[in-house]
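Written below as C-alpha cells is the structure these notes are about.
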Amino acid sequence: MLFGTVQASADPSTILVFPFENVTNDRTLDWIGEGISQLIIERLQPEHGIWTFSREERLGAFEKLGIPETTMVSRATALKLGWDMGADHVVTGRFAGTADNFQIVARVVDMDAGAATEVTIEGKLQDVIPLSMSAAWRILKKAVPDTVSPEADYTARPPVPRSAFENYIRGILTQDFQKRSELLQTAVRLHPPYGPALFELGRISHLQRDFKDSNQWLQKIPETSYPRRQASFLMGLNYFYLADYARATTVFQTLPAVYDVLLNLGAAFSQNGDRDSAADAWRRAIDTDSLASDAFFNLGYLSLIKDDLESAARNLTESLKLRGRDSEALFLLGRTYEKLGRLEESGKAIAQASRLSQRVDRWLTQPLPKLERLATSTLFRSRDEIWTEQRLVRRARSQDLPAWLELIQMDIDLYLLGDALRELHGLLRVYPESSEALSLLDEVRRQQNLR
C-alpha cells in the first residue's frame, strides 16, 4: 500500500528520449537513430512547460546500470530508466522504409497513465531533419497539450544542413577522440553557428586539458543555442584551471545559484584570495543541498588554512557524516586535531586516511596540498526539481520496497551516508510507516554519531 496523497503538480513535464531503432536493411543508416533522438532533445530543450533530459543524462543512467553507450535498450529497460530518472514521458521509436518512402514512428509513453501512443511521420529520407522536427512537435503536443508553440516553429526550416548534422552525430558516436574532433570540425565548417557541435569540440579540448582551446570553441556558441548555459559552466572551469580566477568568478556568477555553481564559485573566490566570499558561497551551497559533502569539506579546508580550528573540525566532521571513507577529509581532520592538541584522535584519523589512500603518507612530510573541490559535471541540476511527490509514488509503483531498500543499504555499506539519507527521505515520503526504512535511518544516524 502506498501512503500519502499525491498532489496535482504544476511542475514542468519531464521527457526522456531514447535513440530510434533502425528497422531498415541498411546498417549504414544506424547513425540516424541517435540523430532523430538528438534532434528531438535539442528542439524540446528550450520549450516552456517541459524538462527534456539530455543525452549526457541518459548515458549517465546507462552507466549506472552497466549498459554500453551504443546499446539499443528494450522497452522494459527504457521504462525502468524512465522510472528511475523521474520521467513523465518516455519516447522510444523506430525508422523504416526506403529513400523515397521513409517513415519515423515515435512511441510516447505517459508514465502516469501507463498508456502509449504512436506518432508516425512519413516522407523522404533526405528530409530526415524536418521529419524529426515534425515528430518533436507532435511529441510536445502529447506531453503539453496546451502548448502555444506553433507547428510552424518546428517545420518552417531545418535547424542545420543535413551534411553538418550527419557529421555531428557520427562524431558524438565515435569513441576515438581524434576522429570525433575531425567529424565535429567538419560539422562546424559546414554550419559555423552549430552550437551542439561547438560544445562537443570544447568538451574534447577540456578533457584533453587544453583549456584555452576549449574556451575558443565554447565562445563561438550563439547566445540562443541551447547548450549555452552548459558551455558557460565549462568555460568557468577552464578559466579556473588556467588560474584566471577573476574571470572564473565572473562566469559562475552569471549562472543559476544551484549547488554545483556555488561550489565552484566559492573555489574561484578562495583561489583569488577572497576567503570571506568563498565561505559565503559554500554556506549558500549547503543551504541548497545539505546532504552533499563537498561544500562542508571546502569550508573545513578553508577554516584549517585560516587557523579557525573549531570551525574546521566541525565542518570536516559534517563532511565525513555524509561521506565516511574520505581520505582527504580524514587527513585534514587529523591535522586539525593535531593543532588542537587532541593527539590521540589525530593519530586515529590520519592512520585511517593512510589506509584509504597512499597519497596521505606523502602529505605527512609536505606542506598542506590544495584540496578544494569542484563540480565538473555540466548538468548542475537540482534533484529536488525532479523528485516531486507524484514521481516518487510512480517510482515506488515500478520498484518494490525491498529493491529500494537494497539500494539504500548499498549506499550505507559504501559509507555514502548523504546519498542514503537522500534516498530514505524520498522513500519515507511514499512509505512513511516502513519499519525497514526507519531501521535503516536509525543505522545511518548511528554511523553518523560515531564521527
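All values below were derived from every heavy atom in this structure, side-chain atoms included, with hydrogens, water molecules and symmetry-related copies excluded.
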Indicate yes or no: does Glu34 engage Arg58 in a salt bridge with an N to O separation below 4.0 Å. yes

Looking at residues at least two apart in the chain, or sitting in another chain, which of them share a salt bridge (charged side-chain N to carboxylate O under 4.0 Å, His left out) with Glu118? Arg94

Under the side chain to side chain donor-acceptor pair (under 3.5 Å) test, residues paired with Glu328 that sit two or more places apart: Arg359, Arg373

Tell me the salt bridge (charged side-chain N to carboxylate O under 4.0 Å, His left out) pairs involving residues 202-226, sequence neighbours left out? Glu56-Arg203, Glu200-Arg203, Glu223-Arg228

Is the NZ or CZ atom of Arg395 both under 6.0 Å from the centre of the six-membered ring of Trp387 and within 45° of that ring's axis? yes

Show every donor-acceptor pair shorter than 3.5 Å between a side-chain atom in residues 407-416 and any protein atom, with sequence neighbours excluded, or say none if there are none.
unit_1	atom_1	unit_2	atom_2	d
Gln409	NE2	Asp413	OD1	2.9

Search all heavy atoms of Tyr154 against all heavy atoms of Ser149 and return the closest pair with its distance. CE1-CB, 4.4 Å

Listed by chain and number, what are the salt bridge (charged side-chain N to carboxylate O under 4.0 Å, His left out) partners of Arg445, not counting sequence neighbours? none

What residues, two or more places apart in sequence or in another chain, satisfy side-chain contact (heavy atoms from CB on, under 4.5 Å) together with Ala279? Arg283, Leu299, Leu302

Summary of salt bridge (charged side-chain N to carboxylate O under 4.0 Å, His left out) pairs that have at least one residue in residues 124-147, sequence neighbours excluded: Asp100-Lys124

With sequence neighbours excluded, what pairs up with Asp280 under the salt bridge (charged side-chain N to carboxylate O under 4.0 Å, His left out) test? none

Table please: side-chain donor-acceptor pairs of residues 175-185 below 3.5 Å, with sequence neighbours left out.
unit_1	atom_1	unit_2	atom_2	d
Gln175	NE2	Glu69	OE2	3.4
Asp176	OD1	Gln178	N	2.9
Asp176	OD1	Lys179	N	3.1
Gln178	NE2	Glu182	OE2	3.1
Arg180	NE	Gly171	O	3.4
Arg180	NE	Thr174	O	3.0
Arg180	NH2	Thr174	O	2.8
Ser181	OG	Gln185	NE2	3.0

Residues in salt bridge (charged side-chain N to carboxylate O under 4.0 Å, His left out) with Glu63, at least two apart? none

Is it the case that the side chains of Glu57 and Ser54 hold a donor-acceptor pair, with the cut-off being a distance below 3.5 Å and no angle test? yes

Non-neighbouring partners of Thr77 that pass side chain to side chain donor-acceptor pair (under 3.5 Å), sequence neighbours left out: Ser74

Is it true that Glu436 and Ser434 share a donor-acceptor pair across their side chains at a distance under 3.5 Å? yes

Name every donor-acceptor pair, under 3.5 Å, that has one atom in a side chain of residues 187-195 and the other anywhere in the protein, sequence neighbours excluded.
none

